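Data block below; observations after.
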Amino acid sequence: MTAPEFQPRTLENRKGRPLASRWYAPRGEPLGAVLIAPAIGVPQRFYRDFASWLAERGYLTVTFDYLGIGESLPGSLRELEVNVSDWGRDDGSAVLDAVAAAAGDLPLFWLGHSLGAQILPLVEGHQRIARIITVAAGSGYWRDNSPQIRRQAWLLWHGLAPVLTSLFGYFPGKRIGAVGDLPAGVIRQWRRWCLHPEYLVGAEGEPMQRAFNAVTTPLVSLSFSDDEMMSAQNTASLHGFYRSAPKTMHRIAPRDVGVERIGHFGFFRPALREALWEPHLLPALTRA
């Protein structure tokens, strides 16, 4: 049996800017709807195999590109004025509206990969969500980063990011093999977050903590002991901001599921379907 194909759909964000999305529909009546919010700099095509598998399991699954990323790049990054908060308020809110309208009375799930789990409190209408699932998500505070990247993080935030962004008018991450190309407003705000011990809450202050406090949706966290970016402290810090949300935390070591490597991106590899998707993701969806 061939995997479900996606249908491309262009949406408008809250400011009327076009966003590219892909809709993976199950063959029968859907059991629910899953909205996948990407990691920073990661185009939606990265999640294609995973989204297709969810559709096979009966879930309407939607991916999208933030403004300035992947297929949602309207022109030159140098001319694009957008930051990370805009991705939550303008992009995430608009996509959630569209998915909620399609889902009707079905349960709706927000699956946030890394940054996709950080921006949820900024998304209007998140009360509609039945369950939040975070994957490889944590605070980006650089001193808490895993030892593998802590030195690179210092160089990125204290040297490369400010210098290259000023020089190019955007962050040319592809040229240096870091994160990917990002709008100037995105890298500058993200840098400010990553330099603060309390990450986005510390950098943005009380309004951001109030936004996190307003999230009361049950949350399931899937993090990995060999994540080259997020340490256990990063993970604990981010989820600690979700003070009002009932949380179930799963920290998984590769040896626990019989694989050699998971890391920050490995969860979405089809090779880990039996090790991770079946036993660790499906229960989070079926118990909503």
Side-chain angles (χ1 to χ4, degrees), residues 11 13-15 17 19-21 34-44 46-47 62-70 72 80-100 108-129 131-141 179-180 182-183 185-194 196 198-217 219-223 229-230 234-235 237-245 247 264:
L11 307 173
N13 75 3
R14 285 284 198 264
K15 293 178 179 172
R17 305 298 296 272
L19 295 178
S21 67
V34 180
L35 171 53
I36 300 175
I40 195 165
V42 177
Q44 63 177 324
F46 173 76
Y47 304 99
V62 179
T63 63
F64 70 101
D65 285 320
Y66 301 118
L67 185 63
I69 302 298
S72 294
L80 186 61
E81 295 184 6
V82 65
N83 61 30
V84 187
S85 295
D86 295 332
W87 282 353
R89 294 191 184 102
D90 296 335
D91 299 358
S93 300
V95 179
L96 181 62
D97 282 349
V99 179
L108 174 57
F109 303 90
W110 178 281
L111 192 149
H113 178 206
S114 197
L115 183 78
Q118 300 168 9
I119 63 172
L120 175 64
L122 301 175
V123 175
E124 295 179 13
H126 61 70
Q127 299 84 356
R128 168 71 175 81
I129 298 168
R131 180 160 295 155
I132 303 160
I133 302 164
T134 72
V135 177
S139 156
Y141 177 49
V179 185
L182 298 174
V186 167
I187 192 69
R188 286 170 177 154
Q189 185 180 35
W190 190 37
R191 175 181 182 270
R192 187 160 54 86
W193 291 1
C194 289
H196 198 291
E198 295 298 310
Y199 193 50
L200 75 173
V201 168
E204 304 299 339
E206 185 59 29
M208 184 66 79
Q209 184 60 71
R210 286 200 303 269
F212 272 90
N213 291 346
V215 178
T216 59
T217 303
L219 182 154
V220 175
S221 167
L222 303 176
S223 66
M229 297 185 182
M230 297 294 175
N234 285 131
T235 299
S237 178
L238 173 69
H239 292 84
F241 300 146
Y242 284 100
R243 296 173 180 173
S244 306
K247 294 180 284 291
H264 194 64

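Only a predicted model underlies this, so the values are computations on that prediction, with no experimental measurement involved. For this chain, numbers begin at 1 and follow the sequence in order.
Proximity of a side-chain donor or acceptor of Asp86 to a complementary backbone N or O of Asn83 within less than 3.5 Å is detected. The closest donor-acceptor contact from the side chain of Ser114 to the backbone of Ala39 lies at 3.5 Å or more, if one exists at all. Checking side-chain atoms of Trp193 against main-chain N and O of Glu198 turns up no donor-acceptor pair under 3.5 Å. Ser72 places a side-chain N or O within donor-acceptor distance of the main-chain N or O of Ala20, the cut-off being under 3.5 Å. Here the side chain of Lys15 pairs no donor or acceptor atom with the backbone of Asp90 at under 3.5 angstrom. Put simply, the side chain of Tyr66 gets close to the backbone of Pro38: a donor and an acceptor are under 3.5 Å apart. Remark: the backbone N or O of Val42 is not paired with any side-chain donor or acceptor of His113 at under 3.5 angstrom. Checked by atom type and distance alone, the side chain of Trp87 pairs as donor or acceptor with a backbone atom of Leu67 at under 3.5 Å.
Closest non-hydrogen pair, Trp110 versus Gly116, comes out as NE1-O, 2.8 Å. Nearest heavy atom pair, residue Asn213 against residue Ser244, reads O-OG, 2.7 Å. The heavy-atom pair separating Pro43 from Gly70 by the smallest distance is CB-CA, 4.3 Å. Here the shortest heavy-atom pairing between Pro121 and Tyr242 reads CD-OH, 3.4 Å.
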Run the side-chain contact (heavy atoms from CB on, under 4.5 Å) check on Val123 and Arg89 step by step: do they pass? CA-CA 5 Å; Val123 175; Arg89 294 191 184 102; over 6 Å; no
Intermediate values then yes/no, side-chain contact (heavy atoms from CB on, under 4.5 Å), Leu108 and Val34: CA-CA 6 Å; Leu108 174 57; Val34 180; over 6 Å; no
Step by step, work out the side-chain contact (heavy atoms from CB on, under 4.5 Å) result for Arg243 and Phe212. CA-CA 7 Å; Arg243 296 173 180 173; Phe212 272 90; over 6 Å; no
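When only modelled atom types and interatomic distance are considered, Tyr199 and Gln118 share a side-chain donor-acceptor pair under 3.5 Å. His239 and Thr134 share a side-chain donor-acceptor pair at under 3.5 Å. When only modelled atom types and interatomic distance are considered, Thr63 and Gln44 share a side-chain donor-acceptor pair under 3.5 Å. Between the side chains of Gln189 and Ser85, at least one donor N or O lies within less than 3.5 Å of an accepting N or O.
We find the CD1-CD1 distance between Ile40 and Ile119 to be 9.5 Å, quoted to the nearest 0.5 Å. We find the CG-CG distance between Leu238 and Leu200 to be 7.5 Å, quoted to the nearest 0.5 Å. Interatomic distance, Leu122 CG to Glu204 CD, rounded to the nearest 0.5 Å: 8.5 Å. To the nearest 0.5 Å, atoms CZ (Arg131) and CG (Leu111) are separated by 12.5 Å. The OG1 atom of Thr216 sits 10.5 Å away from atom CD1 of Ile129, with the distance rounded to the nearest 0.5 Å. The line from CD1 of Ile36 to OG of Ser21 is 12.0 Å long, rounded to the nearest 0.5 Å.
The shortest side-chain heavy-atom distance between Phe64 and Leu35 falls under the 4.5 Å cut-off. Residues Leu19 and Val95 form a side-chain contact, since some pair of their non-hydrogen atoms from C-beta on lies under 4.5 Å apart. A heavy-atom distance below 4.5 Å is not found between the side chains of Val220 and Ile132. Counting only heavy atoms from C-beta outward, the side chains of His126 and Val215 approach each other to under 4.5 Å.
The residues Arg17 and Asp91 are annotated as not salt-bridged, no charged nitrogen and carboxylate oxygen being separated by less than 4.0 angstrom. Ionic pairing of Arg14 and Asp97 is present here: one or more N-O contacts between side-chain nitrogen and carboxylate oxygen are shorter than 4.0 angstrom.
The number of heavy atoms from other shown groups lying within 6.0 Å of CD (Glu81) does not exceed 12.
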